[in-house]
A.B. asks: 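Supplied in structure tokens, the structure appears directly below.
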Amino acid sequence: MDKVTTHQAQDDPRNDEILIWVNGTLKPKAEAMVSVYDSGFMLGDGIWEGLRLYNGRWSFLDEHLDRLFEAALAIDLDIGMDRAALISAIRATQDANGMVTDAHCRLMVTRGVKMRPFQHPSLSVSGPTVVILMEHSKPSIPRPIRLATVPHLRGLPMTQDPKLNSHSKLNCILACIAAEKAGADEALMLDVHGFVNTTNACNFFIVRKGAVWTSTGDHCMNGITRGKVIALCKAHGIPVYERNFSLVDTYGADEAFLTGTFGAQTPVAEIDGRKIGTGEMGPVTERIRQLYKAMVAP
């Protein structure tokens, strides 16, 4: 069975020569490294954001930085740079790589280098570690995505809050592995009450009788693209609901699609072996995609 991921991009030889921003220094790809004592490598103790460059502009940059600083506050991490300094570093990395459009940025901040290999935050004596990694990245997803429902849940706020874009992604990775073992591309994850929630990497929507449904948002990442899709629906007369719904509702949907910074809106062909609608991108998904493209255009 052909394998597809929701972050599949065209091969671009320019990515062999990229420069990566590591703690204030632009380094060639082969030299951009962090310590084995780094908190992010050792414990997943860090936060990140993904950004997309469209026609010279980083889309929704303010919202992404709001989320980054909010996450830093939540985990008691001092980024060591203010918003203006981060924006300057992002643009310096963009300019150094000659990027104009169709680029993806992974902005990562960890608690820094530890003095000993244990978890207590006070052992991080040097840091934080800030990395800005950009690649030429044009999505190339050759067909709609196949999903499989998995037993892994997105965490409760008192375990690992799913609203934190943390480096600790093992739960979602295990969900992705389970879906792949089932012959699917990505995992459909339920919430703690058994309602349909999100996928391991993207937010999830269905369309029924012309209305767009997504989860309540209580147990998923507060996705920026998710929020933009909801706002676009409201602004353009497309009925949209944030509600609890089950797999029964999902299997009977006319359309389904995923949202995320990388792929924007990605259609879903089937879920648990059941074809959704025609198995191709539906008209509501297509309309939302065109509205979104117009939104991100400068």
A.B. asks: Would a 4.5 Å heavy-atom cut-off, applied to side chains only, mark F69 and L77 as touching?
C.D. replies: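 Sidechains of L77 and F69: no contact.
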
A.B. asks: For residues 111-127, which residue pairs pass the side-chain hydrogen bond (donor to acceptor under 3.5 Å, both in side chains) check, not counting sequence neighbours?
C.D. replies: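 Passing the test, one end in residues 111-127: S39-S124, D45-R111, K114-S124, H120-S122.
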
A.B. asks: Any chance you could lay out the side chain to side chain contact (heavy atoms under 4.5 Å, CB included) test for V34 and T110, step after step, and finish with the verdict?
C.D. replies: CA-CA 10 Å; V34 297; T110 78; over 6 Å; no

A.B. asks: What I'd like to find out is whether the side chain of R289 reaches to under 4.5 Å of the side chain of P267, using heavy atoms alone.
C.D. replies: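 A side-chain contact exists here, since the closest heavy-atom pair is under 4.5 Å.
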
A.B. asks: Does anything in residues 28-40 form a salt bridge (Lys or Arg N to Asp or Glu O under 4.0 Å)? List the pairs, not counting sequence neighbours.
C.D. replies: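 Matches after skipping sequence neighbours: none remain.
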
A.B. asks: Which atoms form the tightest heavy-atom contact between S168 and L43, and what is the distance?
C.D. replies: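 Heavy-atom minimum between the residues: OG-O, 3.9 Å.
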
A.B. asks: Where is the tightest heavy-atom contact between P239 and G210, given as atom of each residue plus distance?
C.D. replies: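 Scanning both residues, the minimum pair turns out to be CD-O, 3.8 Å.
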
A.B. asks: Assign the ring pair H104 / F262 to parallel, tilted or perpendicular, where the plane angle (0 to 90°) is split at 30° and 60°.
C.D. replies: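 H104 and F262: perpendicular rings.
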
A.B. asks: Answer whether the closest heavy-atom distance between the side chains of H64 and L68 falls below 4.5 Å.
C.D. replies: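 No. Closest side-chain heavy atoms not under 4.5 Å.
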
A.B. asks: Is any side-chain heavy atom of H219 closer than 4.5 Å to a side-chain heavy atom of V192?
C.D. replies: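 Yes, their side chains come closer than 4.5 Å.
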
A.B. asks: Does the side chain of L26 come within less than 4.5 Å of I20's, by heavy atoms?
C.D. replies: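 No - every pair of side-chain heavy atoms lies 4.5 Å or more apart.
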
A.B. asks: Does the side chain of Q10 reach to within under 4.5 Å of the side chain of D102, using non-hydrogen atoms?
C.D. replies: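 A side-chain contact is absent here, since even the closest heavy-atom pair is not under 4.5 Å.
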
A.B. asks: Does M295 share a hydrophobic cluster with V284, counting links as ILVMFWY side-chain heavy atoms below 4.5 Å and allowing steps through other members?
C.D. replies: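 Both belong to a single hydrophobic cluster.
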
A.B. asks: For a quick test of reading the model, state the closest non-hydrogen atom pair linking M189 to N171 and the distance between them.
C.D. replies: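 Closest approach of M189 to N171: CE-ND2, 3.9 Å.
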
A.B. asks: Treating Ile, Leu, Val, Met, Phe, Trp and Tyr as nodes and any side-chain heavy-atom pair under 4.5 angstrom as an edge, say whether I90 and W48 lie in one connected cluster.
C.D. replies: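 Yes, I90 connects to W48 through the hydrophobic network.
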
A.B. asks: In Å and rounded to the nearest 0.5 Å, what is the CD to CG distance from E49 to L86?
C.D. replies: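 Nearest 0.5 Å value for the CD-CG distance: 11.0 Å.
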
A.B. asks: To the closest 0.5 Å, what do you measure between OG (S88) and CG (D82)?
C.D. replies: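 Rounded to the nearest 0.5 Å, the OG-CG separation comes out at 10.0 Å.
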
A.B. asks: Using the ring-ring contact (aromatic ring centres under 6.0 Å, His included) definition, which of the options W213, F257, F245 pairs with F205?
C.D. replies: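 In the set W213, F257, F245, the residue that makes a ring-ring contact (aromatic ring centres under 6.0 Å, His included) with F205 is F257.
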
A.B. asks: Is the closest side-chain donor-acceptor distance between E186 and T5 under 3.5 Å?
C.D. replies: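 E186 vs T5: no donor-acceptor pair found between side chains.
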
A.B. asks: Only one of K3, Q8, R143 forms a side chain to side chain donor-acceptor pair (under 3.5 Å) with D185, so which one is it?
C.D. replies: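 Per the side chain to side chain donor-acceptor pair (under 3.5 Å) rule, the option paired with D185 is R143, out of K3, Q8, R143.
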
A.B. asks: If you look at every heavy atom in S215 and C220, which pair is closest and at what distance?
C.D. replies: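 For S215 versus C220, the nearest heavy atoms are OG-SG, 3.8 Å.
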
A.B. asks: Determine the minimum heavy-atom distance between T149 and I271, stating which atoms define it.
C.D. replies: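 Closest heavy-atom pair between T149 and I271: OG1-CG2, 4.4 Å.
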
A.B. asks: Side-chain heavy atoms nearer than 4.5 Å, only ILVMFWY residues, links allowed to pass through others: does that put V248 and V196 together?
C.D. replies: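 No; tracing contacts between hydrophobic side chains, which count when under 4.5 Å, never links both residues.
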
A.B. asks: According to a hydrophobic-cluster definition based on side-chain heavy atoms being under 4.5 Å apart (Ile, Leu, Val, Met, Phe, Trp, Tyr only), do W58 and V296 belong together?
C.D. replies: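 Different clusters.
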
A.B. asks: When rounded to the nearest 0.5 angstrom, what is the spacing between CG in L258 and SG in C202?
C.D. replies: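 One gets 5.0 Å once the value is rounded to the nearest 0.5 Å.
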
A.B. asks: With a 4.0 Å cut-off on N to O distance, would you call R226 and E242 a salt bridge?
C.D. replies: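 Result for this pair is yes, salt bridge flagged.
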
A.B. asks: Taking the six-membered ring of Y241 as reference, does the NZ or CZ atom of R243 fall below 6.0 Å from its centre and within a 45° cone about the axis?
C.D. replies: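 Yes, R243 lies over the aromatic ring of Y241.
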
A.B. asks: Measure across C233 and I288 and return the closest heavy-atom pair with its distance rounded to 0.1 Å.
C.D. replies: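 It is SG-CD1, 3.8 Å.
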
A.B. asks: Applying side chain to side chain contact (heavy atoms under 4.5 Å, CB included), run through M221 and R67 and close with a yes or a no.
C.D. replies: CA-CA 11 Å; M221 166 58 63; R67 192 168 67 179; 3.5 Å; yes

A.B. asks: Would a distance-only check, ignoring hydrogens and angles, find a side-chain to backbone donor-acceptor pair under 3.5 Å from E255 to T285?
C.D. replies: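 It does hold such a pair.
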
A.B. asks: I'd like to know if L107 and L19 are part of one continuous hydrophobic network [Ile/Leu/Val/Met/Phe/Trp/Tyr, side-chain heavy atoms within less than 4.5 Å].
C.D. replies: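 Both belong to a single hydrophobic cluster.
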
A.B. asks: Given 3.5 Å as the limit, does a donor-acceptor pair link the side chain of T250 with the main chain of S246, or not?
C.D. replies: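 Such a contact is found between T250 side chain and S246 backbone.
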
A.B. asks: Should T225 and N203 count as side-chain neighbours, where that means a heavy-atom distance under 4.5 Å?
C.D. replies: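 Contact flag for T225/N203 side chains = no.
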
A.B. asks: When you check the gap from the basic side-chain N to the acidic O, do R154 and D218 get nearer than 4.0 Å?
C.D. replies: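 No salt bridge links R154 with D218.
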
A.B. asks: Assess, by modelled atom type and distance only, whether the side chains of R57 and T101 contain a donor and an acceptor separated by less than 3.5 Å.
C.D. replies: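 Looking only at side-chain atoms, T101 and R57 do not form any donor-acceptor pair under 3.5 Å.
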
A.B. asks: Could you check D191 against N244 for side chain to side chain contact (heavy atoms under 4.5 Å, CB included), going step by step and ending with a plain yes or no?
C.D. replies: CA-CA 10 Å; D191 69 19; N244 289 323; 4.2 Å; yes

A.B. asks: Does a salt bridge link D12 with R14, judged by any charged N lying under 4.0 Å from a carboxylate O?
C.D. replies: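 The answer is yes: the pair qualifies as a salt bridge.
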
A.B. asks: Hey, does the side chain of T198 reach the backbone of F204 with a donor-acceptor pair shorter than 3.5 angstrom?
C.D. replies: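 Absent.
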
A.B. asks: Just how far is it from atom CG of L153 to atom CG of N197, taken to the nearest 0.5 Å?
C.D. replies: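 Atom-to-atom, L153:CG and N197:CG are 8.5 Å apart.
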
A.B. asks: Mind checking what makes side-chain contact (heavy atoms from CB on, under 4.5 Å) contact with M99, not counting sequence neighbours?
C.D. replies: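 M99 satisfies side-chain contact (heavy atoms from CB on, under 4.5 Å) with I18, L53, Q94, N97, A103, M134, H136 once adjacent residues are dropped.
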
A.B. asks: Indicate yes or no: at least one non-hydrogen side-chain atom of V4 is less than 4.5 angstrom from one of P142.
C.D. replies: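 In contact.
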
